[in-house]
Participant: 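Pasting a structure here, questions to come.
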Amino acid sequence: AAKHRLWPEIDRITQEQLHYARLGVGAGGWQLFAEDGDMRMYRREEEADGLVVDPLKACHVVKGVTGQEVCKIFFSPEYRAGWEATLEDMTVIEHISKDTLVFLQTHKRIWPASQRDALFWSHMRQVPDDQDSDAQDLWIVCNHSTEHEEYPPNTSKCVRVYLTVCLVCQTFIDPPRENEEIKREDITCKITYCSVVNPGGWAPASVLRAVYKREYPKFLKRFTNFCIDQCKDKPIEF
Ligand SMILES: O=S(=O)(CCO)c1ccc(-c2ccc(C3CCCC3)c([C@H]3C[C@H]3c3ccccn3)c2)cc1
């Protein structure tokens with residue numbers, strides 16, 4: 001099919017984000033700022049024009065779900081209200097393809113910052129794992145801010161944030177006994193979530209860092225618990 005005007009950017013950024021997600025946290029000044037069970041959250045303190053844009057990288061291991069199931073839930077609009085607690089409104093403003101959508105969403109106001117909205121394309125794809133041949137394929141969802149002439153930034157109501165986010169999932173299967181089918185307890189999903197959010201307009205660094213410290217661990221824990229709950233009584237999707 002004829003590729004969309006955004007396709008070259010979508011392809012380039014998705015590949016860049018996959019590479020970035022697969023880099024460990026050993027190098028690059030990552031500092032651990034939150035831990036909860038198997039979840040480890042790291043950030044780097046960075047500012048752009050005096051605004052806090054701390055990159056975040058979270059690593060988590062979740063049993064009982066596959067990478068495809070997790071990425072589908074993260075990507076699909078119909079599940080988002082179930083796990084995205086800070087969401088106030090969400091619209092799909094363009095269906096580029098079955099695995100690429102453009103979202104406009106407003107987030108609940110976080111005092112004292114003014115309310116934010118985000119306009120971004122979201123792309124999901126499966127990639128062969130070239131670093132580990134006998135592992136399952138990787139699944140990735142990449143969200144990246146974009147523009148749309150009907151939805152200019154910074155209306156009277158919202159300040160537009162600029163974000164790049166990726167969710168990379170790898171599925172591991174403990175082989176069941178001979179002639180036994182794979183059960184959910186034999187499946188483990190390794191999740192890497194990376195995000196860089198530019199708040200768009202001024203917000204005090206101390207406030208933003210406090211919000212990030214509070215919101216990100218809650219967000220990933222809520223999201224992964226939602227996935228487990230959504231999938232537990234359904235056939236496994238590899
Ligand atoms: O992964 S996604 O694509 C999932 C689709 O929804 C995503 C994640 C996070 C955001 C977002 C948007 C606004 C803010 C801030 C900036 C100043 C005031 C609001 C934050 C910061 C506050 C951090 C945060 C982290 C997680 C959840 C909510 N809040 C995050 C948007 C999209």
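When a ligand or atom number is given, it counts from 1 through the structure's own listing order.
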Participant: Which heavy atom in F223 sits nearest to a heavy atom in I73, and how many Å separate them?
Facilitator: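 Of all heavy-atom pairs spanning F223 and I73, the closest is CE1-CG2, 3.8 Å.
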
Participant: Dump the intermediate steps for salt bridge (charged side-chain N to carboxylate O under 4.0 Å, His left out) on E88 and R116, then the final yes or no.
Facilitator: CA-CA 10 Å; E88 184 179 271; R116 258 66 183 180; over 6 Å; no

Participant: Below 3.5 Å only, please: the N or O atoms of ligand 1 paired with protein N or O atoms, distance on each line.
Facilitator:
from     : atom 1 : to   : atom 2 : distance (Å)
ligand 1 : 1 (O)  : Y193 : OH     : 2.8
ligand 1 : 3 (O)  : N143 : ND2    : 2.9
ligand 1 : 6 (O)  : E84  : OE2    : 2.6
ligand 1 : 6 (O)  : Q105 : NE2    : 2.6

Participant: Report the relative orientation of the aromatic rings in Y216 and Y193; use parallel for angles under 30°, tilted for 30 to 60°, perpendicular for over 60°.
Facilitator: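 Answer is tilted, since the angle falls between 30° and 60°.
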
Participant: Y151 ring centre to R160 NZ or CZ under 6.0 Å, with the angle to the axis within 45°?
Facilitator: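 No cation-pi geometry.
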
Participant: With a 4.0 Å cut-off on N to O distance, would you call R125 and D11 a salt bridge?
Facilitator: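 The answer is yes: the pair qualifies as a salt bridge.
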
Participant: With a cut-off of 3.5 Å and sequence neighbours excluded, list every side-chain donor-acceptor pair involving residues 46-53.
Facilitator:
from : atom 1 : to  : atom 2 : distance (Å)
E46  : OE2    : R44 : NE     : 2.9
E46  : OE2    : R44 : NH2    : 2.9

